[in-house]
Each structure stands twice: as C-alpha cells, then as structure tokens.
Protein chains: 2
Amino acid sequence: MVCVVSDVATSSSTPSPRSRRAARVTGDERERAILTTAETLLGERSLHEISVDDLARGAGISRPTFYFYFASKEAVLLALIDRMVAEAHERRGDVMERFAQDPRGVLYDATKAVYDTFRHHRAATLAAADARASSTEIRELWERVMDQFVDETTLAIETERARGAAPALLPARDLATALNLMNERVMHAAVARSVPGVAEDDVVRTLVAIWISAIYGANAPA
Amino acid sequence: MVCVVSDVATSSSTPSPRSRRAARVTGDERERAILTTAETLLGERSLHEISVDDLARGAGISRPTFYFYFASKEAVLLALIDRMVAEAHERRGDVMERFAQDPRGVLYDATKAVYDTFRHHRAATLAAADARASSTEIRELWERVMDQFVDETTLAIETERARGAAPALLPARDLATALNLMNERVMHAAVARSVPGVAEDDVVRTLVAIWISAIYGANAPA
DNA sequence: GGCGCTCTCAACACCGTGTCGAGTCACTGT
DNA sequence: ACAGTGACTCGACACGGTGTTGAGAGCGCC
C-alpha cells in the first residue's frame, strides 16, 4: 500500500524520540499491535474515552513504552486515518478524468469508492470526524483530502461548461465545495447511523442524483 | 425569549442538586455570569481547552460553586446552544408554509435566517459542532433541530410534487435529508472559515441554487 | 432563637497525561 | 570474551484536570 497523502504518524509534528531502522523484530510488531488495539477499541467507544493505558495494555506494553512508539493517542489515530485515506485514493483512482464520457457512471463509481472505504473503516471514520476538532494534524490531513476532491470537481465542472454541456449558474468552485461538503456530511451521517440520515444503501444514488441536478440543471444527462 | 426545544441546561440528565425558585438576587446573576464567561472564552479557544476553573474564575466564584449552577461545562454549552436554537426558530418563523408561492424567495429567507443566527453566535456554533461528538445531550438537541428541518423540507417537496411542479427523482425524505445536511456542513465550514469552504457572503445563494436544482430538476422556477 | 433555605468554598479523592532516569537486551567490532 | 551502542522497557513522579464532601455563612420567617 502506497501512502499518498502524508508520512505515517511516526512523522507527526512532535518528533518521536527515535529513528528506528532495522529494529528488533518485536518493535514493529508492537507498533502494529497498538494500531490494531486502537482500531478494536474505537469500535466500542470514542477516542476520548480510550486512555493511553488502554492502548498500551491492549498491545501488551506499559504506558511509558507506548510513548516510545507514538507521541500521543491522536498520533495513533492519525496513522489509522492515513492508511484509510490511502486506500480511498487507491480505490478511486483517476476516475474523474473520464468524466465527460459518462458523468453519471463516473460520479457513481467515484462516490461509491470513497463511501465504501469509509464504510469499511467505520471506527476510524467516526473517530476521525470527532478528532478533527481537537487535533490540528488530523484536521489538516482531512482538509488536504477534501481540497483535492474539490479541485478535481471544479475542474470537471469547468470542463463540462466549456463544452456547453452544463450551465454556469454558480461559480464552479463554490458549487464543487458545497457538493463535496454535502458528500462528507451525508456519508458521515450514514456511517454513524445518526438521525437525520439517509439509509446506508441509498447514500450513493442520493448524492449522485443531487450532483447531476446541481451541475447540469435543465440539461441533465441520462 | 421562548425556549422551544428543551428546558435550559438546568434540566440536563444529571439532575443539579437544587431546585432554585425565587433565589437570592445574586443567584441568577451568577448563572448569567457563567454563561457570558463561557461565550467569551469560547471565542478564544475550544470547550476542551476551557476548564471549569476558568469558567468559575470568570464568573467570580470558586470551582465547587460552579457545580451549584451547572452539572458540567457541557451543560453550560447546552444552555448556550438552546438559546441560539430558539433564536434561529424565531428568526425563521413559519416561512416554509408559503413555499409554493415563491420557492426561491422563501428558501432564501429561511436559509438566511438560520445562517445569520449561526454566524451571529460564531463561538457557540463551533463549540456545538465539536461537542456533538462527546455529549449525548448536545447531540440529541441538534438531532431534534435537524429532524424538524428535514420534516418541513420533506413536506414542502411532497407538496410541490403533488401539484406537478417538481419531478420525483428521489424519495423526498432522502433528498430533504441530504440537502439539510449539506446546509449544516457548508454553513459550519463558512462560520469556521475552514478549508475547503464557501466565502461567508456566498453561502446562502450557493445553497439555495443547489436546492432549487435538486428539487425542481429541469422545471426550475425563476 | 431556632429552622430551613440558598449559596459558598477549602480540602479531598481520583484519574489521566507526559516525562525522567535507571535499567535490560541483542548485536557488533575488536 | 567483552565493552560499547542503540533499541527498547517500565516504575515512579509531577502536574493538571474533574467532581464530591462537609462545614459553614447569610438571610427570611415563624
């Protein structure tokens, strides 16, 4: 798996005290044990309710030892999110480039790829949304991801307008921003099963339909 | 000011130890002092970074005395949000009832009313969004508000469809849910001035345009 | 002058974080 | 064989936060 967005949490702002290379075998195992413990516990309760001690115990180490591997529990979550974001990008690929050929199909595939990734990593997704408020690093990672989606969408809209397929009712960037924020919020509500929310299986078709209407207006393609 | 949604935070789940009625004059003043201190401090930093001691000191009382007035700092925020929600409802009124006569105008007024309220209470809005994750009471209050918006929107869409003004491309409730979640997220991003986001003054027109396209499709009114 | 009520706070018990410093252990070069 | 080095480990601590307890102060009212 390639890490497209940032280095793993080990590279987070507070530099961890080591530069492990060719570590003793157990080292990487412990790191992975912390990560999987975090994923498990996040399935049960929020990061806020998980203590560093819980994470350490789950990985079979003491609390101080935890700090050898991660600067904080937020850094653990950051690593988890990073993996997830990389997966979302991989699943989605460069699908937006074929936009003009089959807008509805491309939109559907791209939306579904991202949504499936989030759905598949429910715990990390919900924790990420929570932690955005309190962790600068997590917020910035998320902003970078969203910004990239908005850039791609803006470009697609402008291309469609240039070839006369879509009307210019709003600035392309404003429209792209609002639509992507909608996706984020609706997907989150569905994954969190919160109220009000769209049923998990109706999310993609709902979002795609709104995108098509908003982008093409009266000229909506089949 | 009428409290439309819930009792003030005093009624929060952890019952506070008193039932104040006709209290000594200083009592209500202190309660208000805590509230205004909270509003001020939230303008500078997040609830997470504000301690009960900060709130107490700001109101000129000791920390234990704070607990005489509120069960926790979350309860203070709940009271703040409650006031804000009441204000949003008041500003907005029953505007949705005139929907069919002038969809675009009504939508614009309703969206602007809610948005202006949030914008006016920037600190409480941002704190509310943060705290939704950690406080059940705040989440439930918010869910109730959103649910009411979705109900009203669903009804408006169904009415428009019944009179043949709008096509039924999606279940009305799914559409209403997605549009309201979009509003929430886009307004939040604008108030938080986060990236990516729509410029503060373009929020309302962007949202209204997307609503009109999504609800009316090819039949968009003027 | 004693009662009940609102209101106040010092002192306490508790829990979570992050750090420090003193170790252990495996490997590497000599 | 053995000292050195760097990865790794954890007991003990300092600190900062929360929420509670118990002892009162001030006041109105009979």
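Every value quoted in this text rests on a predicted model; they were computed, and no experiment measured them. Numbers restart at 1 for each chain; the letters A, B, ... are given by sequence-line order, proteins then strands.
Remark: B:Leu207 CG to B:Arg185 CZ distance equals 12.5 Å, nearest 0.5 Å.
The interatomic distance linking B:Phe66 (CZ) with C:dC7 (C1') rounds to 16 Å, in whole Å. In this structure, the CG atom of A:Leu47 is 13 Å from the C1' atom of C:dG16, given to the nearest Å. A straight line from CD of B:Glu29 to P of C:dC7 spans 11 Å, rounded to a whole angstrom. Taking atom OH on B:Tyr67 and atom P on D:dG17, their separation rounds to 12 Å, with Å as the unit. D:dG22 atom P lies 18 Å from atom CZ of B:Phe68, rounded to whole Å. A:Phe70 places its CZ atom 16 Å from the C1' atom of C:dG18, with the value rounded to the nearest Å. Atom P of nucleotide C:dC9 and atom CZ of B:Arg57 are separated by 11 Å, given to the nearest angstrom. For the pair B:Asp53 CG and D:dG16 C1', the interatomic distance rounds to 10 Å; values are reported in whole Å.
A sub-4.0 Å separation between OP1 or OP2 of D:dT18 and a side-chain N or O of B:Lys73 is present. Residue A:Thr65 places no side-chain N or O under 4.0 Å from the OP1 or OP2 atom of D:dT9. Within the 4.0 Å cut-off from OP1 or OP2 of C:dT8, at least one side-chain nitrogen or oxygen of B:Tyr69 is found.
Nearest-nucleotide assignment on DNA chain C puts the 5′-proximal partner with B:Gly60, out of B:Gly60 and A:Ile50.
Rounded to 10 degrees, the angle separating the terminal axes of the helix from C:dG1-D:dC30 to C:dT30-D:dA1 is 20°, with each axis obtained from five end pairs.
In the set D:dT18, D:dC8, C:dG18, the nucleotide with an atom closest to the side chain of A:Arg30 is D:dC8. Which of C:dT17, D:dC10, D:dG19 sits closest to the side chain of B:Arg63 comes down to D:dG19.
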For a side-chain contact (heavy atoms from CB on, under 4.5 Å) check, start with the C-alpha distance between A:Leu155 and A:Phe99, then their side-chain angles and the critical distance, and finish with the verdict.
CA-CA 10 Å; A:Leu155 187 61; A:Phe99 197 87; over 6 Å; no

Show your working on salt bridge (Lys or Arg N to Asp or Glu O under 4.0 Å) between B:Arg173 and A:Asp202 and close with a plain yes or no.
CA-CA 11 Å; B:Arg173 189 162 203 93; A:Asp202 298 336; over 6 Å; no

Could you check A:Arg91 against A:Glu87 for salt bridge (Lys or Arg N to Asp or Glu O under 4.0 Å), going step by step and ending with a plain yes or no?
CA-CA 6 Å; A:Arg91 280 205 205 200; A:Glu87 188 187 321; 3.0 Å; yes

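For the pair B:Glu143 and B:Arg132, the salt-bridge criterion is not met [side-chain N within less than 4.0 Å of a carboxylate O]. A salt bridge links A:Asp201 with A:Arg119; the closest basic N to acidic carboxylate O contact falls under 4.0 Å. B:Glu200 and B:Arg193 are joined by a salt bridge, as a carboxylate oxygen and a charged side-chain nitrogen come within less than 4.0 angstrom of each other.
B:Ser51 comes within 4.0 angstrom of the backbone, heavy atoms only, and of no base.
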